Amino acid sequence: MLKICVCVSGGGTNLQAIMDAIDNGTIRNAEIVRVISNNKSAFALERAKNHQIDAVAVSPKDFETREQFNDALLQAVKEKNPDLIVLAGFLVVIPEKMIAEYRGKIINIHPSLIPSFCGTGYYGLKVHEAALTRGVKVTGATVHYVDEGTDTGPIILQKAVEVLPGDTPKVLQQRVMEQAEWKILPQAIDMIANQ
Ligand code: GAR
């Protein structure tokens, strides 16, 4: 049984997709052992608790230095000894120590077809704003391994999504989530748990 730690910052719809996929058998041989949020008021924490999953907040606001926060974050992960760390809308730069300690065991979902609209500054709605400004006709989502760079690690899965006339960033974000993110993130976890 693959033990997963899911890191979140906001609404947690990708977390919900993972929990649902475990419940309905789309993800086999995996369990979530902890959900960690850097944001105490993230709705994702409620989603975890509603599912009887251990959920903790580790906020940078509670620490004097970034290093202390990074250590606390790593500690919160290590306590559960996970086999896989899933960044599901986690808007924190992963400490190098964690990347080194969990090399090849951290995956991230990004809401574009990498290498488009990725890297520093591209997160959440900003990604979709940039895609609409550039006028691309196809966008999508990517699941990739995490290395020291921002969105530079090996790609595991990608799925394309059409951009439609009249799309706003929010409308496009919702379509990318429904048609791509909520499918390929569970699919990638199932692949890793059963390889
Ligand atoms: C998702 O669209 C995810 O791809 C994105 O944040 C959103 C979180 O939504 N992640 C990034 O932009 C990472 N660079 P959620 O909290 O509802 O899952």
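Note that ligands are numbered from 1 as they come in the structure, with each ligand's atoms numbered from 1 the same way. If you read the sequence from its start, that first residue is 1, and numbering goes on from there. Predicted model only: the values in this text are computed from it and were never measured.
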query: Any idea which atoms of ligand 1 are less than 4.0 Å away from a heavy-atom of I109?
result: 4 (O), 10 (N), 13 (C)

query: What residue pairs, at least two apart or across chains, pass side chain to side chain donor-acceptor pair (under 3.5 Å) with a residue in residues 70-90?
result: R34-E79, D71-K97, K78-E101

- line: The protein heavy atom nearest to atom 17 (O) of ligand 1 is T13 OG1, 2.6 Å

- line: If you scan protein heavy atoms around atom 16 (O) of ligand 1, the nearest is G12 N, 2.7 Å

field: Pair D62 + K40: basic N to acidic O under 4.0 Å
entry: yes

field: Per-atom contacts, ligand 1 versus N14 - under 4.0 Å to a heavy atom
entry: 1 (C), 18 (O)

message: Would E181 count as being in polar contact with ligand 1, using the rule that some N or O on each side must be under 3.5 angstrom apart?
response: yes

message: Could you measure the distance from the CG atom of D190 to the CD1 atom of I192? Nearest 0.5 Å is fine.
response: 9.5 Å

Nearest-0.5 Å distance, SG of residue C5 to CD1 of residue I32: 9.5 Å

message: Is it the case that ligand 1 has an N or O less than 3.5 angstrom from some N or O of G124?
response: yes

- prompt: If you measure every N/O of Q173 against every N/O of ligand 1, is any gap under 3.5 Å?
  reply: no

query: Which ligand 1 atoms does M177 reach within 4.0 Å, using its non-hydrogen atoms?
result: 1 (C), 2 (O), 9 (O), 17 (O)

- request: Could you check atom 11 (C) of ligand 1 against the protein and tell me its nearest heavy-atom contact, residue, atom and distance included?
  value: P111 CD, 3.7 Å

query: Which option, G89, S112, A180, owns the non-hydrogen atom nearest atom 6 (O) of ligand 1?
result: G89

field: Flag for T152-D147: side-chain donor and acceptor within less than 3.5 Å
entry: yes

- request: Classify the side-chain pair T26/N24 by whether it contains a donor and acceptor separated by less than 3.5 Å.
  value: yes

message: If you count every heavy atom of other residues, nucleotides or ligands that lies below 6.0 Å from F63 atom CZ, does the total exceed 12?
response: yes

query: With sequence neighbours left out, which residue pairs that include part of residues 174-188 fulfil the side chain to side chain donor-acceptor pair (under 3.5 Å) condition?
result: T13-W182, N14-E181, D167-R175, Q174-E178

- line: So for Y122 against ligand 1, with non-hydrogen atoms under 4.0 Å, the contacting part is backbone

query: Would you say the side chains of N38 and S9 form a donor-acceptor pair under 3.5 Å?
result: yes

- prompt: L91 to ligand 1: N or O pair under 3.5 Å?
  reply: no

field: Atom indices of ligand 1, in the order listed, that fall short of 4.0 Å to a heavy atom of H110
entry: 14 (N)

